[in-house]
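Note that the structure is a prediction, hence the values are computed from the model and not measured. One is the number of the first residue; the rest follow in order along the sequence.
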Amino acid sequence: MGSAAVQVVCVALGILGLIAAVVTIAVPRWKVSAFIGQNIITAQVQEEGLWMECVVQSTGQQQCKSYDSLLILSSDLQAARAMTIISCMLAVLSLLILCAGADFTTCIENEDVKPKVSLVSAIGLIIAGLLLIIPVSWAANNIIRDFNNPLVAASQKRELGACIFVGWGGGTLLLLAGGLLCCFSRPRSEGSSGTAKYYSNSASAPSKNYV
C-alpha cells in the first residue's frame with residue numbers, strides 16, 4: 001500500500017516535470033533584455049527562446065519571428081533543442097512504463113516483474129531530468145558570462161528569462177520522481193523464496209526422527 005502511494009506521488013511529480021519541460025521548450029523566454037548603462041529604453045523588450053525571438057512593446061503588442069536558419073544558431077542553443085526534446089520524449093515513455101508496472105494497475109500481473117519495471121521507469125525519469133537541467137544550466141552560464149563581459153555591448157547583454165527557472169524546477173521534479181522510485185523499487189522475490197525453503201525443511205524434519 002505504501003509503495004503504491006509513493007508511485008502515485010512519483011506519477012504526479014513526473015507529470016508536473018513534463019509540463020515544465022514543455023513550457024521551457026515552447027515559451028520564448030530564455031533570454032530577456034537587460035536594461036543597464038545607456039540601455040535604459042524600456043519601450044520594448046526583446047525575448048529569445050529555442051525557436052523564435054520576440055519583441056514586446058510597452059503597449060502590450062508582441063511580434064515574434066522564427067530563426068532564419070539552424071546554422072546561424074549558437075552551439076548551446078542547438079544542443080538545448082535536442083536535449084530538451086529528448087527529455088520530453090523520455091519523460092513520457094517513462095511515465096507510461098511506470099503506469100504499466102505500478103502496483104495500482106493490473107497491466108502486469110507478475111508481482112516479481114513490477115519492481116523491475118518501476119526501476120526502469122525511475123532510470124528514465126532521472127535521465128530526462130538531467131537532459132533538462134543540463135541545457136538550461138548551460139544557457140544560464142553563457143548569459144551570465146556575456147553579462148559580465150566588458151567587451152559585450154550593453155545593448156547585446158541579456159538577463160535570465162523565466163524559462164530558465166522553469167527548466168530548473170522541472171528537471172528537479174523529474175529527478176525527485178526518479179529518485180523516489182529507485183528507493184522503493186526493490187524486488188520481493190528473495191524474501192518469498194527463502195520463506196518457502198524454511199517451511200519445506202521444517203516439514204520434512206519430523207519424519208526422520210520417529211517411525
Study note, to complete from the structure: So side chain to side chain donor-acceptor pair (under 3.5 Å) across residues 8-19, not counting sequence neighbours, yields none
Revision key, fill the gap. Here the ring-ring contact (aromatic ring centres under 6.0 Å, His included) pairs for residues 157-179, sequence neighbours left out, are Phe165-Trp168
Exercise for review: Using the disulfide bond (SG atoms under 2.5 Å apart) rule, collect all pairs that involve residues 62-97, keeping only residues at least two apart or in two chains.
Suggested key: Cys54-Cys64
Point to revise | Partners meeting side chain to side chain contact (heavy atoms under 4.5 Å, CB included) with Leu77 (sequence neighbours left out) | key: Leu50, Tyr67, Leu73, Ser74
Point to revise | Gln78: partners by side-chain hydrogen bond (donor to acceptor under 3.5 Å, both in side chains), with sequence neighbours left out | key: none
Exercise for review: If a pair satisfies salt bridge (Lys or Arg N to Asp or Glu O under 4.0 Å) and one of its residues is in residues 59-68, list it, with sequence neighbours excluded.
Suggested key: Lys65-Asp68
Review point. Nearest heavy-atom pair of Met83 and Pro135: which atoms, and what distance?
Key: CE-CB, 3.8 Å
Review point. So which pairs with a foot in residues 9-25 pass side chain to side chain donor-acceptor pair (under 3.5 Å), sequence neighbours left out?
Key: none
Exercise for review: Using side chain to side chain contact (heavy atoms under 4.5 Å, CB included) as the criterion, list what pairs up with Ala12, not counting sequence neighbours.
Suggested key: none
Revision key, fill the gap. Across all chains, not counting sequence neighbours, the side chain to side chain contact (heavy atoms under 4.5 Å, CB included) partners of Leu175 are Ile126, Leu130, Ile133
Practice item. Report the residues that fulfil side chain to side chain contact (heavy atoms under 4.5 Å, CB included) with Asn141, sequence neighbours left out, ordered by chain and then residue number. Key: none
Exercise for review: Among residues two or more places apart or on two chains, list those pairs meeting side chain to side chain donor-acceptor pair (under 3.5 Å) that have a residue in residues 9-20.
Suggested key: none
Review point. Among pairs that include at least one residue of residues 172-182, which meet side chain to side chain donor-acceptor pair (under 3.5 Å), considering only residues two or more places apart or in two chains?
Key: none
